[in-house]
**Q** 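First the structure, which I've put down as structure tokens, then a few questions once you've had a look.
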Amino acid sequence: MTISIQPTNNPPEKLQPKGWLKYFSFSLDHKVIGLQYLVCGFLFYLIGGVLAGAIRIELTSPLSDFMPREVYNQVLTLHGTIMIFLWIVPVVNGAFGNYLIPFYVGARDMAFPRLNAVAFWLIPPAGLMLITSYFINGAAQSGWTAYPPLSITTPAAGQIIWILSVLLLGGSSIFGGINFIATILKLRRPGLKLMQLPMYCWAMLGTSILVVLSTPVLAGTLILLSFDIVAHTGFFNPSLGGNVVVYQHLFWFYSHPAVYIMVLPAFGLVSEILPVHSRKPLFGYTTMVFSIMGIVVLGLVVWAHHMFTSGTPPWMRLFFTIATAFIAVPTGIKFFNWVATLWGGKISLNAAMLFSCGFIVNFVLGGITGVALAQVPFDVHVHDTYFVVAHFHYIVYGGSVFVIFSSIYHWFPKFTGRMLNENLGRFHFIITFIGFNLCFAPQHWLGLNGMPRRVAEYDPQFQLVNQISSVGALIMALSTLPFLWNIFQSFFYGIKAGNNPWHALTPEWLTTSPPPVENWEGEAPLVLEPYGYGKKEPIEIIKTEEE
Amino acid sequence: MTSIAPKEQSSEKEVQTEEHEDLRLFGLIAFLIADGMTFAGFFAAYLTFKAVNPLMPDAIYELELALPTLNTILLLASSFTFHRAGKFLESNKAKDCQKWLLITGGLGVAFLISQMVEYFTLPFGLTDNLFASTFYALTGFHGLHVTLGSIMIMIIWWQTRVPSGRVTNQNKFPFEAAELYWHFVDGIWVVLFIILYLL
Amino acid sequence: MSAIVTLVTSVMLGIGGVWAAYNVNMLPVSASTNAPVYDELFRVLFIIGSILFIGMTALVIYSLFHFRRRPGETGDGIDLEGNISLEIFWTAVPAIVVLFVGLYSYDIYDRMGGMQSLSSHNHENHMESNAERLWGGIGSGPIETSSIDQSSSLPIELTAMQFAFIFHYPKGDIISGELHVPVGKEVSLKMESKDVIHAFWVPQFRLKQDVIPGQPTILNFTPTKSGNFPIICAELCGPYHGGMRSNVIVDEQEDFDIWFNQNAKETISSL
Ligand code: HEA
Ligand code: HEA
Ligand code: CUA
Ligand SMILES: [Cu+2]
């Protein structure tokens, strides 16, 4: 039991399709699965983005004139669900997790390759089901939170399909989580200690713990909800003696941790990217590890901050206020450490770096509005308004999506063996950053001044600001074009990257690009210092050996 | 290759087929933790309903203790017999192992039957009131687990037959997995019994 | 040296934040006893938030600029893996800030009446509700205002349904689609929903409370400014959620009395 080689239950390599076909097959290779997650997630992102576009078009005028009111609610429900469950969660966890974790622990594949493939292949059907539900009697229209009794009284077909597809996606997420825990804890190359792992492993370990502990509760809740819809039980139906607030507690017991499921892996990715491009070790490794675990623990006990106006008792509100606000402490440690990583480095201002720094700036703003929202007396005014919409888009878009872009710029050479065009990448960053801030910054003001969320019609005094926001959304949509062009262009004609274009020290760069099927031709390298930049022997040596 | 990656391995090393340690049991445990959280959610819901939502005045919600107590005994006994079967598998006595597996499976089925009897004799139906619904949801979800477990036991029973079965003391994983799962289902029942019937 | 420059700039920007907090109007007019308390909290949060945000942004931009790789430069940055005292420093500072914010907002919450227990309050007004369980919205107790007449609060019942708010005044048995209340008098709103969850929100009062079916909830507030303010439903409740609005008309006591007498059941029947 020394080095983990191909797990025995893998079928012989010959049976696996070769070439591009493998990306459309039930492949067991973690790298193929990772890219399948990435591409699939990105396609869903475009769909979710078009839906966001529809929302922003509707909101350029105070009347409900672009689409029928029911359709608006369906669109915003699908937008939220797709963006969370089919874009951010699968990509920051599934895509990068599958691609990178085996490299980082020095393994040839994930612990359970077959389960891994199953977890991925649950996603496309679930997503397609969700989208087609629009054409059968209309999609779900009670928001991504699906609060009963509204979700019980709206047309059942759409809601049931929504529940089924979220259940499938949750199942996929749980399988993935089990796989990551097993891989990180049990598949480490001999000689590699936990505290020598790259930070992304810790982030994925924490995330997977959250997934395993909280997703099943959502599954159970949605099963009860579907009983209410189909079998007319009364769990959450007050007219039958049920209790709607219980649903909210159970839902947020999952969905608050879910926000850390969306952002902790992004934290991990940033921790990989910043040291490479600033040529400095990651600052404060140990505190970073502890802050991740702190976020995991705190993240499990703050869910009721989404329910401050639901008539919860005062002591409960206070407890959740304090617990929530304290998440700022471990999160703050991470941010200060990242800035300290930049400090005194030799920073390359490339697209990966810019997107990561954009993430820091955006997330700090989103986090600060989050800490404000955590204060009960503040929240009772802005709950369910555009202030909340601004808060979470600053985090999910300005945070997670920026990190995804940053990671694509960083790892594209490894994925394909070719470099992306940096100038186009910087241009992509600049317009994304401008469009993003133009779109969501004004929404803070809207919320504070009286515009509720999830409305297709609003007070005319908010028209101008909404139009500004819509222009921002348009710029964001346009910013996707240089990115897509860059990907296509570079995929075929990009400069050859070589094995390690960034002279990085983490293990995935110590093999060919793209890597061979079992990751390394020979034995897995033992990387004890993934962040050993600036050590005695300059990185340049590696470069000469490479050529 | 780079300076960090060791280069010395030669091409014949490529055929090394060392496998990593068997992690399936580890995976199963993680899965059972997840499954347990589903039950935890249900329990939390039930307890909150109980604390906050009074029973509507005309609602009927009474449970008898006799059958569920019998059920508890059945399940606890089956955990024990399963363990017993494992002992025999270890000492390679397939016949005895099969016998005890059969008993275990029988106890599982007996549990399911007696659960059905309870369902049909209860004075309330699924949609009668909140507690009735929760009762059926909880016991039903657990019953589903018992059904799956019983099927698993039957499959294992078939697979432990000699000489052609695939589960032996060389290949114990399916047996151990089913046993662990069965103990888990059993443990959940004890919690469920306390919460639903005794509280 | 560079650190001092950063420090000075961020302090200046912080001062800019304080200035903005006091001079840029970011909230609608304040029209209840709750609102000035709320605005105070908002200002404090805004100042702390701007200092943190601007400081962090300045640090990032400064590092990107100052430590950027010049053309032709090779080699790595300094080999610096951590610093215990720095870590302690930036664990302690956010912890203190958060603790301060938490305690401060507890105080605000208390002043808004959030910690008042329901049982000590308001039961006389909703006698019939003694049997059923009531939930408290924020502001379920009175706010410390000696000037305001608290001898008795005005009980009103709110029924929310898809897609309207209906107000019922038990005293005059008035049913109205709009909420009429006198200035300076505490209103005790008992809210219940007929179908799905709605929310009662008056931005100018800085108050919001979900109206939950099966969970009657009390919300107390005292308007301080006469005028006409929107009541907005803030919880997704179906297709016409966006159109589910009404008005709260805050009148001087005399004007309110006139309206009340014109509409009260006894008056109508005696005509
Ligand atoms: C990835 C997603 C993500 C993340 C990471 C967060 C992070 C946080 N969120 Fe957010 N949130 C959402 C996604 C996310 N949120 C979504 C989707 C919703 C809406 C759901 C819906 O209703 O549809 C929501 C809603 C939401 C609410 C409910 C609002 C309402 O509906 O009324 C609250 C209230 O407490 C909240 C708080 C917080 C806090 C305190 C954090 C903290 O974790 C932030 C911590 C970070 C920082 C504070 C910044 C860095 C720290 C420093 C620089 C140190 C110094 C700082 C201080 C001392 C303050 N969020
Ligand atoms: C988790 C990730 C995530 C992401 C990435 C986004 C991205 C965006 N969101 Fe999303 N949003 C949510 C999660 C997310 N959102 C959630 C959870 C809700 C709550 C739902 C609910 O209330 O239930 C929500 C709600 C929400 C609302 C509030 C709706 C309402 O309450 O009425 C708005 C309004 O402006 C909005 C806008 C946008 C915009 C403009 C983008 C943009 O960033 C998108 C940019 C991307 C593209 C535009 C795609 C690429 C471009 C093309 C494919 C070209 C073609 C484009 C067009 C035709 C426009 N979102
Ligand atoms: Cu009523 Cu929204
Ligand atoms: Cu949350």
Side-chain angles (χ1 to χ4, degrees), chain A residues 69-70 73 143 147 149-150 153 238 244 278-281 283-284 287 309-311 314 318 321-322 325-326 328-329 332-333 336 339 342-349 357 360-361 364-365 368 372 375-378 380-381 383-384 445 448-450 452 454-458 533-535 538-539, chain C residues 26-28 38 41 45 49 52-53 56-57 59-60 63-64 67-69 73 75-82 87 90-91 94-95 98 101-102 105-106 108-109 112 114-115 135 137-138 196-197 199 203 206-210 212-215 217 232 234-243:
Chain A
R69 293 177 171 81
E70 298 82 0
N73 287 354
Y147 275 11
L150 183 64
T153 51
V244 296
S278 53
R279 316 304 307 162
K280 269 192 66 206
F283 198 87
T287 46
T309 66
S310 303
L318 271 178
T321 289
I322 302 288
F326 258 93
V329 177
I333 294 176
F336 293 122
V339 174
L342 295 177
W343 198 266
K346 291 257 185 292
I347 301 173
S348 318
L349 289 179
C357 290
I360 296 183
V361 171
V364 168
L365 184 55
I368 286 169
Q375 313 305 319
V376 194
F378 181 81
V380 288
H381 175 47
H383 170 70
D384 261 330
W445 183 87
L448 286 168
N449 281 276
R454 295 166 165 177
V455 293
E457 52 207 311
Y458 55 87
Y533 303 100
K535 286 275 146 66
I539 297 294
Chain C
M26 278 168 292
L27 288 162
Y38 182 93
L41 171 69
L45 290 176
L52 280 171
F53 174 63
M56 285 294 278
T57 312
L59 275 175
V60 170
S63 319
L64 284 186
F67 298 111
R68 73 185 183 281
R69 180 182 290 270
E73 218 174 1
D76 286 351
I78 42 175
D79 168 27
L80 180 66
E81 295 203 315
E87 300 283 356
W90 60 51
T91 311
V98 159
V101 170
S105 83
Y106 169 81
I108 295 280
Y109 186 48
M112 285 184 175
M115 293 309 287
W135 274 260
I138 192 170
V196 301
I197 308 176
R206 313 282 192 274
L207 266 186
K208 179 182 295 111
Q209 180 61 45
D210 286 4
I212 301 171
Q215 192 169 304
T217 311
I232 301 166
E235 184 70 54
L236 180 63
C237 54
Y240 287 84
H241 162 58

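Naming convention: chains lettered A, B, ... in sequence-line order (proteins, then strands); numbering from 1 in each chain. Quick caveat: nothing in here was measured; it's all calculated off a predicted structure.
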**Q** Return the OG to CG distance between A:Ser278 and C:Leu64, rounded to the nearest 0.5 Å.
**A**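 The OG atom of A:Ser278 sits 9.5 Å away from the CG atom of C:Leu64.
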**Q** Is any side-chain heavy atom of A:Asn449 closer than 4.5 Å to one of C:Pro203?
**A**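 Counting from C-beta outward, C:Pro203 and A:Asn449 never come under 4.5 Å.
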**Q** C:Ile212 versus chain A, heavy atoms under 4.5 Å apart: side chain, backbone, both or neither?
**A**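 Answer is side chain: those atoms of C:Ile212 sit under 4.5 Å from chain A.
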**Q** Measure A:Tyr147 against the heavy atoms of chain C and call it side chain, backbone, both or neither at under 4.5 Å.
**A**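 Just its side chain gets close to chain C.
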**Q** For a quick test of reading the model, state the closest non-hydrogen atom pair linking A:Gln375 to C:Ser105 and the distance between them.
**A** OE1-OG, 2.7 Å
**Q** Under the 3.5 angstrom rule, does the side chain of A:Glu70 hit a backbone N or O of C:Pro239 as a donor-acceptor pair?
**A** no
**Q** Closest heavy-atom contact between C:Ser63 and A:Trp343?
**A**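 Here C:Ser63 and A:Trp343 meet closest at OG-CE3, 3.6 Å.
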**Q** Does any heavy atom of chain C fall under 4.5 Å from the side chain of A:Leu150, the backbone, both, or neither of them?
**A** both
**Q** For chain A, find which of C:Gly242, C:Gly102, C:Ala199 contributes the most heavy-atom pairs closer than 4.5 angstrom.
**A**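 The option with the most such pairs is C:Gly242.
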**Q** Can you list the residues that meet the salt bridge (charged side-chain N to carboxylate O under 4.0 Å, His left out) rule with A:Arg69, with sequence neighbours excluded?
**A**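 A:Glu457.
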**Q** Name all residues meeting the side chain to side chain contact (heavy atoms under 4.5 Å, CB included) criterion together with C:Val98; count only those two or more places apart in sequence or in a different chain, and write none if there are none.
**A** A:Ala325, A:Phe326, A:Ala328
**Q** Taking A:Lys346 for the side chain and C:Arg68 for the main chain, is one N or O donor matched with an acceptor at less than 3.5 Å?
**A** no
**Q** What are the two closest non-hydrogen atoms of C:Leu236 and A:Gly143, and how far apart are they?
**A**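 Smallest heavy-atom distance, with atoms named: CD2-N, 3.6 Å.
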**Q** Would you mind reporting whether C:Tyr106 and A:Leu318 have side-chain heavy atoms less than 4.5 Å apart?
**A** yes
**Q** Are A:Thr309 and C:Gln209 close enough, and set up right, to give a side-chain hydrogen bond (donor to acceptor under 3.5 Å, both in side chains), and what steps lead you there?
**A** CA-CA 5 Å; A:Thr309 66; C:Gln209 180 61 45; 5.7 Å; no
**Q** Taking A:Thr321, A:Ile322, A:Leu342, A:Thr153 one by one, which has the highest count of heavy-atom pairs under 4.5 Å against chain C?
**A** A:Leu342
**Q** With a 4.5 angstrom heavy-atom cut-off, which part of C:Leu41 approaches chain A: side chain, backbone, both or neither?
**A** side chain
**Q** Set out, in order, the CA-CA distance, both residues' side-chain angles and the distance that settles side chain to side chain contact (heavy atoms under 4.5 Å, CB included) for C:Met56 and A:Val339, then state yes or no.
**A** CA-CA 8 Å; C:Met56 285 294 278; A:Val339 174; 4.1 Å; yes
**Q** If I measure from the heavy atoms of chain A, does C:Ile232 come under 4.5 Å with its side chain, its backbone, both, or neither?
**A** side chain
**Q** Check A:Val329 against C:Pro94 and note the closest heavy-atom contact, atom names and distance.
**A** CG2-C, 4.1 Å
**Q** Less than 4.5 Å to any heavy atom of chain A: does that hold for the side chain of C:Glu87, its backbone, both, or neither?
**A** side chain
**Q** Check whether A:Asn73 gets within reach of chain C through its side chain, its backbone, both or neither, counting any heavy atom under 4.5 Å.
**A** side chain
**Q** Examine whether an atom of A:Ile360 lies under 4.5 Å from a heavy atom of chain C, and if so say whether it belongs to the side chain, the backbone or both; otherwise answer neither.
**A** side chain
**Q** Which heavy-atom pair separates A:Arg454 from C:Glu235 by the least distance, and what is that distance?
**A**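 That closest heavy-atom pairing would be NH1-OE2, 4.3 Å.
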**Q** What part of C:Leu45 lies closer than 4.5 angstrom to a heavy atom of chain A: side chain, backbone, both or neither?
**A** side chain
**Q** Are any of the side-chain heavy atoms of C:Leu27 and A:His381 separated by less than 4.5 Å?
**A** yes
**Q** Tell me, side chain or backbone of A:Ile347 under 4.5 Å from chain C's heavy atoms, or both, or neither?
**A** both
**Q** By a 4.5 Å heavy-atom criterion (distance strictly below it), what part of C:Tyr38 contacts chain A: side chain, backbone, both, or neither?
**A**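 When you check distances to chain A, only side chain atoms of C:Tyr38 fall under 4.5 Å.
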**Q** Kindly indicate whether the side chain of C:Phe53, heavy atoms from C-beta on, has any atom under 4.5 Å from the side chain of A:Val361.
**A**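 C:Phe53 vs A:Val361: side chains touch.
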